[in-house]
Structures are given as structure tokens and as C-alpha cells.
Amino acid sequence: MASSVTTAERMELPARVRPVDGFLLVSLVLVVATCVRAIWFTPVDAMLGAAQKIFYVHVPAAIAGLYIACGLLAVASIGYLWIKDERLDRLAEASAEVGLLFMGVVLATGPIWARTSWGTWWVWEARITSTLFLWLLVLGYLVLRGAVESAESRARLSAVMGSLAALLVPFIHLTVRLFRGMHPGPVVLKPEKPSLPPEMLTTFLLALLAFLMLFFALLRMRFRWAGLRNAQAELEAV
Amino acid sequence: MLLPLLLRVAQDTTAYVARPSGPPDTVSYMWAGYAVALLCFGGYIVMLARRIARTQAALDASALDASSRAGGSTSR
């Protein structure tokens, strides 16, 4: 009993976390401003009409969800397996959940755009199918985390799965070059000059900045919430 | 020679080809896309904010309980 009292007394609680902070508010304002610019102040595509404007949400969400989130998931997972720092486990967990959200937005907005340009909601082609597969893998990663009770085993097993799941990302990036499919090739992330007119490129770059800020704001909140949750679990265990 | 060129043009979503009748009316699809994105991000932010508020309250209660049992206070 005496030892548990000492543990409680010594325990450092994490700093208070506000449900909505300034960084998130700034990123939300930027996202709204970008959407206003995209919808009302950016030219309409002559071939696809207004539906092409989904591009300003779809592509930034893909860059944040696939490249940034999965990259962070892999780096944090490998880092955890190497140095066993609990913060890396939390970073991997937060990246996976926020990445799942952004990839979900990509998979939800893609078919709406596809319906107007391809005449169908869904095509089982390489890029779309492999993105869905990655989304399911990341979902599986989060389900796995919920299924393992021991914190150490949970962190280790999920770190292995997280680092393996992220291996799909380079493959997804190359699918448009490796396979013939309906998904268009890169418009901006390619060795050549971006194939967008200046007004569209400006809106796209603003959208990219806004959604990346939103991604990091959500990642920060999710990371800090995981710290609170772990602290509460430790306190309850005392 | 011609086939790769045709494929590139066909796959280029930003190609500007003027039509006499103007661009197709796909405004409702644009709104649907933005609404879905708003719903996803908004829903997640609300869920995360509720999680944080709930865990913070539970943590405060646990800390208070632990400190009262210990007869001292936990440090923040």
C-alpha cells in the first residue's frame, strides 16, 4: 500500500489539453478559405465541369493521408522497435488514425469525381484497389491495437504491422506508371512541370497547405489525447 | 508514337478542350464531394474533442482521488 501511495504522489500528470486549440482553429479557417476560393474563385474545367474542383480536396487529402501519415507511421514504428520510446508508439497510433481519416476522404470523394469523368462510381483498377487495401490495413492496425491488452505487446506488434503496411505507399504511387488504368497520372508530384494553369495551381497549393496544416493539427490533438489516456490508465492502475 | 500521345491526352484531366455547349453541369457532384469531406473532417473533430474532454475530466477525477488517498497532491 505504501509503495502505491508513493507512486501516485510521484506521478507527473500531462499538461491540460483543450478539446479545440488555436492551431486547429487557424487550420480550419485556412481550409474554409481555400474551399471558398476553389468553389467560387477558381475556373471551371472545360471537360469535367465543376466536379473537377473535388481535386482540391481529393489530392491534398491523398498527399497527407498516404505519403505523410503512412510515412510517419513507418518511421515511428521502426523507431519504436529500435529504441522502445513510448512517445513513438503514440505518434504511430495518431498517424494511423488521422491517416485513416484522410484516406477515407480520398476514397469517399474519388468515386463522386469518377462518376462524372468515367461514368462509373468505382473501377477495380490498380491505384484505387491498392489504396482501398492500404485503408483496410491501417484499419486492421487500429483494430489490432484495441485487441491487445498488454501495452508492451500492443506497441511491439502494431509497430511491426505499421512498418509493413506503409510499404504499400511507394507501390501505390507507382501504380499509374506500372499498370494501365483509368486513374490519371500525377498532375503535380512528377518530375516535369505541373500540368495545371496558374489559377488552378495557386488554389491547389493553398489547398495543400491548408490540408497539411489540418492534418498536423489533428495529429497533435490525437497524440496529446493518447498521452492523457495513458496517464489516466496509469493512475487507475495505481 | 501516336498511341502514347493519345493515351497521355486522354488521361490528362486538366486538358482544356472548349466545347460549344460549355462545360457539363456537374455542380451537384462538386457539392456532394465537398459535403462528404466536411462531414468526415467535422465528425472526426467533434469525436476527438469529446474524447479529450471526457478523458481530461476522468483524469482530473482520478488524480483528485489518488491525491486524497495519498493525503497529498499529484503534480502537473
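For clarity, every value in this text was computed on a predicted model and none was experimentally measured. Per chain, numbering begins at 1; letters A, B, ... match sequence-line order.
For chain B, the option among A:Arg115, A:Arg229, A:His58 with the highest count of heavy-atom pairs below 4.5 Å is A:Arg115. For chain A, the option among B:Arg50, B:Arg51, B:Met30 with the highest count of heavy-atom pairs below 4.5 Å is B:Arg51. Among A:Val31, A:Val57, A:Ile39, the residue with the largest count of heavy-atom pairs under 4.5 Å with chain B is A:Ile39. For the options B:Gly43, B:Cys40, B:Ala61, B:Ala49, heavy-atom pairs under 4.5 Å to chain A are most numerous at B:Ala49.
Only the side chain of A:Phe211 has a heavy atom closer than 4.5 Å to any heavy atom of chain B. Looking at B:Val36, the atoms closer than 4.5 Å to chain A (heavy atoms on both sides) all sit in the side chain, from C-beta outward.
Here CG of A:Leu218 is found 7.5 Å from CZ of B:Phe41. Values are rounded to the nearest 0.5 Å. Put simply, CZ on B:Arg54 and CH2 on A:Trp225 are 9.0 Å apart, with the number rounded to the nearest 0.5 Å. Taken to the nearest 0.5 Å, the CG atom of A:Leu24 stands 5.0 Å off from the CD1 atom of B:Ile45. Taking CG of A:Asn230 as the start and CG of B:Leu59 as the end, the distance is 11.0 Å to the nearest 0.5 Å.
Panel note: side chain B:Tyr34, backbone A:Lys53; a donor-acceptor pair is recorded below 3.5 Å.
Sorted by first then second residue, the salt bridge (Lys or Arg N to Asp or Glu O under 4.0 Å) pairs that include residues 20-30 of chain A, not counting sequence neighbours, are A:Asp21-A:Arg220.
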* Asked: side-chain contact (heavy atoms from CB on, under 4.5 Å) between A:Leu48 and B:Thr26: does it pass, once the steps are laid out?
  -> CA-CA 7 Å; A:Leu48 300 172; B:Thr26 54; 5.7 Å; no
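Listed in order of number, the residues of residues 94-105 of chain A that approach chain B to under 4.5 Å between heavy atoms are A:Glu97, A:Val98, A:Leu101, A:Phe102, A:Val105.
Between A:Met221 and B:Tyr44, the closest side-chain pair of non-hydrogen atoms is not below 4.5 Å. Side-chain atoms of A:Arg18 and B:Gln56, non-hydrogen and from C-beta on, never get closer than 4.5 Å to each other.
Of all the heavy atoms in A:Gly49 and B:Pro23, the pair that sits closest is CA-CB, 3.9 Å.
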